[in-house]
Amino acid sequence: MLIENPETTIQELMSVIKGPDFPTGAHILGTSGIKSAYMTGRGPVKIRAVAEIQELKKDREQIIVTELPYQVNKARMIENIAQLAREKTIVGISDLRDESDRDGIRVVIELSRGTNPKVILNQLYKHTQMETSFGIINLALVGGKPKELNLKELLKIYLDYRMEIVQKRTLYDLKKSEERAHLLDGLKIALDNIDEVVALIKNSSNADEAKQSLMENFALDEIQSKAILDMRLQRLTGLETRKILEEFEGLIKLIAELSKIIESDELKYEIIRNELLELKGKYGDARRTKIVHDASEVTDEDLIPEEDVVVTITNGGYIKRLPLDTYTMQRRGGRGIIGMEMKEEDFVENLFISSTHNYILFFTNLGRLYWQKVYEVPEGSRQSRGKAIVNLLELQEGEMVNAMIPVKKFAEDRYLLMATRAGTIKKTPLSEFRNPRKAGIIAVSLDEGDELVKVLLTDGKKEVLMVSKKGKAIRFSEEDVRPMGRTARGVRGMTLDGPEDEVVSVDLVDETTTLLTVTVNGFGKRTEYSQYPSHRRGGRGVITIITNIRNGFVSNVKSVAEDDELMITSSEGIIIRVPAKDISVQGRNTQGVRVMNIKSGDKVVGVARIKNGTAEEQLKLTALKAREAEKSEELELSENEEVEELEELENMDEAEEEEEIEEGEEIEEVEKAEEVEKAEEEED
């Protein structure tokens with residue numbers, strides 16, 4: 001192309017030269033690196049191994065690798081994959097084998113049941129040499145100086161070099177041809193005068209004399225004369241004579257052609273073109289490296305279908321996700337299905353419906369935040385326990401998860417409300433946590449000895465109730481707590497009653513529920529939220545339960561509805577499940593009733609709320625609420641507009657009623673005045 005049109009652009013050249021072709025095959029990802037190298041002389045090329053996914057029996061799959069990137073050591077790559085599997089960097093590989101032979105490479109990676117092979121393959125590309133970068137640097141010496149060449153410069157210099165080679169080669173061939181033609185011309189003269197030449201040689205006393213005589217008698221030079229003397233007698237035959245004459249004529253033609261080549265650039269380019277075509281025909285083969293679409297921006301999330309799933313967390317710290325259709329809707333009175341096989345002392349403490357692309361925020365007692373995408377939570381069967389949260393997150397020593405918040409997006413108008421044992425409260429915009437790291441980030445800065453107790457997702461306008469260990473509770477508005485940055489310590493939410501006192505929990509006020517308070521000795525009660533007056537934050541609060549020798553300190557508090565059930569756990573692993581309605585509703589300054597019979601040395605350590613009865617019922621209700629919430633979000637704007645219109649109408653009605661009342665009062669006053677006037681007239 002460059003020979004035919006020296007003004008060809010680099011873009012036009014790239015339509016012919018697609019990219020490098022590596023001997024080991026594999027795939028080149030995209031053309032950006034190639035374009036950079038061809039346009040500027042420098043550019044990285046991403047090379048990816050060729051792999052395919054094959055299905056096995058029993059819902060299992062395997063990945064077969066058949067081509068590796070250029071200069072990748074297969075043994076080291078396999079060793080690296082095995083190490084990543086051992087370190088749980090890549091989870092889901094059950095077996096790894098090298099089945100390569102002289103026919104080609106074959107590395108087999110078997111996957112565990114339920115593992116998404118596309119995600120594993122994406123992680124292999126990310127963490128191993130199954131995807132590498134090959135740097136192209138077109139650095140060459142041009143005129144004795146190093147220079148980075150773009151594609152056109154490289155080809156132009158190559159063509160100039162080939163032109164120089166062809167020129168020098170042709171000059172050399174011309175010189176040799178002329179020398180040979182000169183020698184053959186002397187032999188031809190000798191053959192034309194063979195008798196005289198033979199007689200002259202015979203009459204000469206030695207070779208030098210004969211050579212001199214030939215030069216003088218036949219106008220030959222020394223080279224021609226020497227060639228005649230060196231000629232064998234067999235060359236005098238008719239056949240040999242003809243060969244000499246034919247060779248001489250051929251050389252004359254060749255000299256003419258070579259002279260034309262030397263004088264013509266077009267002929268030189270023609271020679272270069274023909275030689276390249278000859279090389280192509282002799283050594284050209286099918287392309288091994290394919291250039292494919294650049295999928296480097298594809299994340300694990302792109303490979304996961306967005307769908308609603310159920311996430312369950314047990315009291316023992318096990319988590320798993322299940323497809324939403326695992327729990328089919330049943331009619332009232334159905335038997336339900338087995339939700340999870342657990343240890344006797346374990347139970348489902350929390351479950352929620354969320355999309356696979358949503359986030360789960362994990363808060364620990366040390367004030368740190370970890371996050372996982374919902375799809376990163378291992379999928380389990382209905383009967384499986386799930387995976388321990390401590391193995392899912394990179395927790396520090398002594399760190400425990402004590403709050404989990406599912407989040408779809410980090411909205412600016414949503415807040416995370418955090419409470420610590422020392423009575424500190426903090427409100428931080430949810431948007432501050434949009435860039436968490438796998439290793440965790442600081443959610444709240446804690447003083448020495450303090451711990452994060454609970455985290456709530458709010459709209460910033462609710463009322464909060466904090467409860468302390470010694471039975472005090474304070475109710476205040478969230479708006480009393482100003483929004484703060486992620487690493488702030490917070491402000492005082494409650495003044496504790498001495499160094500032994502501490503905050504045990506915090507909850508949002510919900511007038512439709514009651515506040516359940518349970519003490520360490522197994523006593524408890526429910527109290528209406530209306531019993532708790534609102535105060536400014538920072539106060540000591542009011543009594544929520546009497547903490548005497550019989551009751552002990554407060555263990556936990558929960559907002560519960562009438563039809564909820566409660567799972568109460570003791571330090572020795574004893575669990576009791578009781579309906580919330582069986583616990584009487586009492587005033588604040590009371591001792592409560594026995595909720596759990598605690599033996600000596602044992603104490604209540606945990607209270608879990610199972611909304612609306614069984615976990616299955618809760619799940620169905622939660623699923624329905626989640627779907628209704630999606631619809632309500634779409635209708636929220638229109639509903640708000642309707643509410644505003646209704647409020648305007650109500651305001652108008654109220655104004656009209658007030659006007660009517662005023663008119664009525666005026667009429668009554670007029671009537672009374674008339675009656676007084678009549679009475680006065682009668683008296684007169």
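Shown are I137, L149, N138; of these, the side-chain contact (heavy atoms from CB on, under 4.5 Å) with R42 is made only by I137.
The backbone N or O of R106 lies less than 3.5 Å from a partner atom in the side chain of S100, making a donor-acceptor pair. Without hydrogens or angle criteria, N150 side chain to G41 main chain gives no donor-acceptor distance under 3.5 Å. Using modelled atom types, one side-chain atom of T128 and one backbone atom of L124 make a donor-acceptor pair closer than 3.5 Å. Using a distance-only test at 3.5 Å, with no hydrogens or angles considered, a donor-acceptor pair links the side chain of K18 to the main chain of S15.
Atom CD of E275 sits in a crowded spot, with more than 12 heavy atoms from other residues, nucleotides or ligands closer than 6.0 Å. The 12-atom threshold is not exceeded at NZ of K35, counting heavy atoms of other residues, nucleotides or ligands nearer than 6.0 Å. Summarising the local packing, CD of E55 is surrounded by 12 or fewer heavy atoms from other residues, nucleotides or ligands at distances under 6.0 Å. Within a 6.0 Å radius of NZ in K454, more than 12 heavy atoms belonging to other residues, nucleotides or ligands are found. Annotation for R287: atom CZ counts as buried by contact number, over 12 foreign heavy atoms lying within 6.0 Å. Atom CG of L277 has more than 12 neighbouring heavy atoms from other residues, nucleotides or ligands inside a 6.0 Å radius.
No salt bridge links E131 with K126; every basic N to acidic carboxylate O contact stays at or beyond 4.0 Å.
Partners of R273 according to the salt bridge (Lys or Arg N to Asp or Glu O under 4.0 Å) rule, which considers only residues two or more places apart in sequence or in another chain, are E270.
Contact of the D459 side chain with the Y415 side chain is not registered, since no non-hydrogen atoms from C-beta on lie closer than 4.5 Å.
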Evaluate R60 against S94 for side-chain hydrogen bond (donor to acceptor under 3.5 Å, both in side chains), listing each step before the verdict. CA-CA 10 Å; R60 298 180 64 184; S94 61; 2.9 Å; yes
Test side-chain hydrogen bond (donor to acceptor under 3.5 Å, both in side chains) on Q11 and Y38 and set out the steps. CA-CA 9 Å; Q11 289 81 359; Y38 286 172; over 6 Å; no
Show your reasoning for whether side-chain hydrogen bond (donor to acceptor under 3.5 Å, both in side chains) applies to Q83 and E79. CA-CA 6 Å; Q83 183 178 357; E79 183 180 348; over 6 Å; no
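Aromatic rings from Y359 and F410 are positioned such that their centres are separated by under 6.0 Å.
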